[in-house]
Amino acid sequence: MPGLTKNRACVILGPEVKRFTSGGFVLRLWLSATSFPYKRAMEPLFPSAYGYFRPDGREYIITTPFTPRPWSNVISNGDYGLIISQTGSGYSWRGNAGQNRLTRAFQDLIRDNWGKYLYIRDRERQTYWSATYKPVMRPYQHYEVAHGIGYSRFRHRVEDIASLLTVFVAADAPLEIWLLELTNQSATPRHLDITSYAEWLLGFAPDEHREFHKLFIETRADPAQQALFARKYLWGFPDELGRHNNIDWPYTAFMAVSLPLQSFDGDKESFLGLYNNDDRPQAMHAPRLAGRCGRFGDAIAALRVEVTLAPGETQTVVFTLGAAADGQEDAETLIRRFTTPEAARQALEAVHAFWSRFLDAEHVETPDVGLNLMTNIWAKYQAISCRLWGKSGPYQVSAGYGFRDQLQDSQIFLSSEPEYTRRQILLHAAQQFIEGDVLHWWFSIRGGGPRTNCSDDLLWLPFVLIAYLDETADFAVLDEAVPYLNGPAEALYDHCRRAIERAFARFSPRGVPLMGDNDWNDGLSAVGTLLKGESFWVAEFLYAILERFIPLARRRGDERFARRCEDVRVELYEALNRYGWDGEWYLQATTDAGLPIGSRQNEEGRLFLMPNIWAVISGAAPPARAAQAMAAVTAHLLGDYGPLLCAPAFTRPRSDIGYITRYAPGLRENGGVYTHAATWAVWAYIRQGQPERAYEVYRRICPPYRSADIDCYKAEPYVTPGNTDGPLSPYYGRGGWTWYTGSAQWLHRVATHWILGIRPQEDGLLIDPAIPAHWPGFRVRRRFRGAVYAIEVVNPDHVNGGVRSITLDGQPLSGNLLPVLADGRTHSVHVVLGR
Ligand code: GLC
């Protein structure tokens with residue numbers, strides 16, 4: 001297909017990329033390295049016109065507020081969370097950004113104008129600005145934002161007042177902290193006041209009907225506590241008798257400050273002034289805030305304090321904002337615990353330690369700086385802070401868990417805290433019906449969600465369970481009793497078995513799994529709703545799962561089911577290869593009317609990525625077909641920015657296919673690069689014996705590399721995008737839907753398990769790299785079953801893989817499987833690749 005390769009040189013070999021990865025440079029670093037190559041680098045990494053990674057990779061520094069899209073941080077401690085962009089805009093929530101939002105915000109990625117802000121005013125000059133670029137947008141002397149792991153820091157200088165604002169969520173409490181340091185860089189004393197501002201929402205978001213919702217909020221200021229409190233006498237849940245609009249929001253929200261209150265306000269009208277915006281609030285022209293609290297305004301929180309600074313002097317002010325749950329926490333205690341400069345600094349240290357636990361248990365060191373950054377730091381952070389805990393991002397405010405989504409995401413914990421994966425598996429098992437099917441998604445507060453005929457959701461339960469068992473060998477988890485949504489508790493093993501049996505019950509007369517309401521590709525939403533259309537991808541997915549479930553069933557003594565699975569597996573293989581092969585590649589599906597999708601007969605949607613890569617991943621394709629299928633992917637789908645999910649994109653809505661055809665062509669699932677699936681293409685190329693191609697695909701979808709053409713890409717270079725525009729979009733190559741995407745976890749997994757090839761399995765840690773031949777080697781340090789393995793792999797013959805020899809603690813080891821040592825110690829492993 002034309003046009004797919006036009007910008008490749010720019011994408012893959014941008015100048016900054018070259019600097020950090022060209023053979024000589026890396027080799028020198030490698031040979032002398034005692035630490036990680038990028039840690040030794042003193043220069044910024046992946047610089048662009050808008051920012052760069054700090055040399056150790058743990059912060060992304062943004063040097064201007066004018067990034068091509070809002071570049072955000074999503075910060076959560078597993079309960080409390082916030083989003084903040086480089087302009088300082090964003091919002092906060094507790095537990096759930098949709099059901100329990102604390103502050104108001106409406107999605108607007110162009111204006112990026114909803115936030116919680118700090119105003120800085122010079123009382124003598126009568127001028128003012130804000131600690132972040134928004135909302136006042138004053139011309140500045142300096143502006144720089146660092147998005148870090150669990151915090152964001154804003155350096156701003158206006159009128160020779162330097163402000164350093166660090167915004168973060170406490171590691172172990174339901175609140176956020178704004179640590180503000182102000183320095184007078186002028187030659188005269190300066191009399192400033194600092195005013196905070198946030199609009200209370202307190203419940204289901206967004207509160208479009210504000211004139212209704214504001215009637216239920218009460219604010220109260222307590223000057224002695226230097227705080228303002230808010231409660232709401234309405235939450236969108238029914239009471240115990242099912243009566244709606246009849247319960248309290250069961251929290252006390254607060255905003256507090258570390259200095260004596262000069263004045264406060266709880267009312268938007270007196271603060272902004274009628275018809276004013278937040279860039280020019282009336283409050284900035286008044287000596288004091290109006291002091292209006294109670295039940296009759298439009299509820300906000302605004303606190304004002306005064307700071308006098310001698311020339312050169314620095315002072316610190318701390319604001320806290322949070323929500324204390326009734327009967328569990330006390331707002332005043334939380335305020336006292338965190339609202340001082342010392343306490344705030346300690347809390348920031350605790351944030352670093354908190355995240356280290358999840359990030360640093362596994363560390364890779366390769367010649368590819370982008371791979372290192374994403375694998376060690378950002379993909380983990382994105383998957384945990386945003387997808388699993390925050391459940392919200394700048395492009396999607398979610399209100400809960402997707403059955404398949406967070407289950408896959410939870411694999412990110414396997415190498416650090418596998419207990420968290422275990423909990424996630426059990427949580428999802430509890431969203432299953434006794435008939436085997438599951439909720440497609442559910443609300444994380446009080447549950448509930450749609451029961452659908454989606455054909456793959458339920459199968460992710462055994463899929464992720466198997467990954468968990470490979471890592472932990474914790475077979476006891478199979479006995480964990482979990483209730484069904486409509487039935488008594490049963491062992492987790494039985495949950496998985498029922499999921500598989502349910503899938504078995506939904507085959508077409510030809511022996512192909514039915515599509516149902518959709519498969520992994522949610523956009524195929526009308527293909528099979530009459531339970532006639534088929535999904536060849538589900539055939540492959542099930543085929544792969546059965547291979548691993550059969551021994552599990554035998555281990556449980558469930559011989560009958562093991563045999564049944566074996567029989568079905570054979571049938572699936574035959575049906576797929578008889579009906580799913582289109583001559584040059586595998587079909588995606590057939591519709592309820594029996595029409596093929598992803599076929600040479602189709603003008604649009606002729607070729608789909610998923611059934612072709614999973615034919616290889618699952619082993620369901622005979623070798624010749626596997627080669628042909630991947631050749632088709634390479635020829636027709638693989639472009640500058642990775643493999644397209646399908647091509648050509650649909651240009652006209654097709655009511656017999658679904659909403660994939662309704663997206664503009666080239667966007668999201670409709671012929672864009674869908675990053676989640678693109679990571680699986682890396683896996684497939686490796687399984688099919690094309691490691692160089694696999695690595696090339698990895699590089700094309702690895703976000704830091706897009707710094708080289710950032711004005712085309714537009715999105716944050718430190719987190720994965722859900723999608724990149726395909727060639728039918730005038731913005732071919734533009735990244736979108738960052739943060740809230742399942743691709744982060746998979747980008748990590750394909751790098752560690754498939755490119756570096758360090759794969760846990762029941763009896764040990766397999767070493768099976770599939771690296772680019774130019775790499776001189778790499779290192780991985782990771783935990784595995786109660787010991788630490790410090791693995792150094794060298795590649796003297798410049799091969800892609802194949803282990804020539806291994807020593808474990810200096811002793812030769814035959815084969816390429818490291819034994820389970822489980823002795824709490826660190827073991828050094830030296831691996832030589834070669835024939
Ligand atoms: C969205 C959904 C995910 C689905 C994917 C592909 O990201 O959250 O569950 O698999 O789209 O349609």
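In listed order, ligands and their atoms are each counted from 1. All of these numbers come straight from a predicted model, not from anything done at the bench.
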Query raised in the report: In terms of residue, atom name and distance, what is the protein heavy atom nearest to atom 1 (C) of ligand 1?
Result: Tyr674 OH, 3.2 Å
Query raised in the report: Quick one: nearest non-hydrogen protein atom to atom 10 (O) of ligand 1, plus distance?
Result: Trp520 O, 2.7 Å
Query - Per-atom contacts of ligand 1 with Glu669, taking only distances under 4.0 Å to non-hydrogen atoms - result: 6 (C), 11 (O), 12 (O)
Query - Partner of His428 under ring-ring contact (aromatic ring centres under 6.0 Å, His included), chosen from Trp442, Phe463, Tyr468 - result: Trp442
Query - Gln86 side chain reached by Pro70 side chain, heavy atoms, under 4.5 Å - result: yes
In residues 539-547, what donor-acceptor pairs under 3.5 Å come from side-chain atoms, sequence neighbours left out?
unit_1, atom_1, unit_2, atom_2, d
Glu540, OE1, Ala615, N, 3.3

**Report entry** Arg502 and Glu435, any side-chain heavy atoms less than 4.5 Å apart
**Finding:** yes
Query raised in the report: In the protein, what heavy atom is nearest to atom 3 (C) of ligand 1, and what distance, to one decimal place, separates them?
Result: Asp405 OD1, 3.2 Å
Query - SB check Arg69 Glu716 (cutoff 4.0 Å) - result: no
Requested in this report: Answer with side chain, backbone, both or neither: which part of Asp522 has a heavy atom less than 4.0 angstrom from an atom of ligand 1?
Outcome: both
Query raised in the report: When only distance counts, is Arg668 in polar contact with ligand 1, meaning an N/O pair under 3.5 Å?
Result: no
**Report entry** Interatomic spacing from CH2 in Trp537 to OG in Ser455 - rounded to 0.5 Å
**Finding:** 7.5 Å
Query raised in the report: Would you say ligand 1 has an N or O under 3.5 Å from any N or O of Arg387?
Result: no
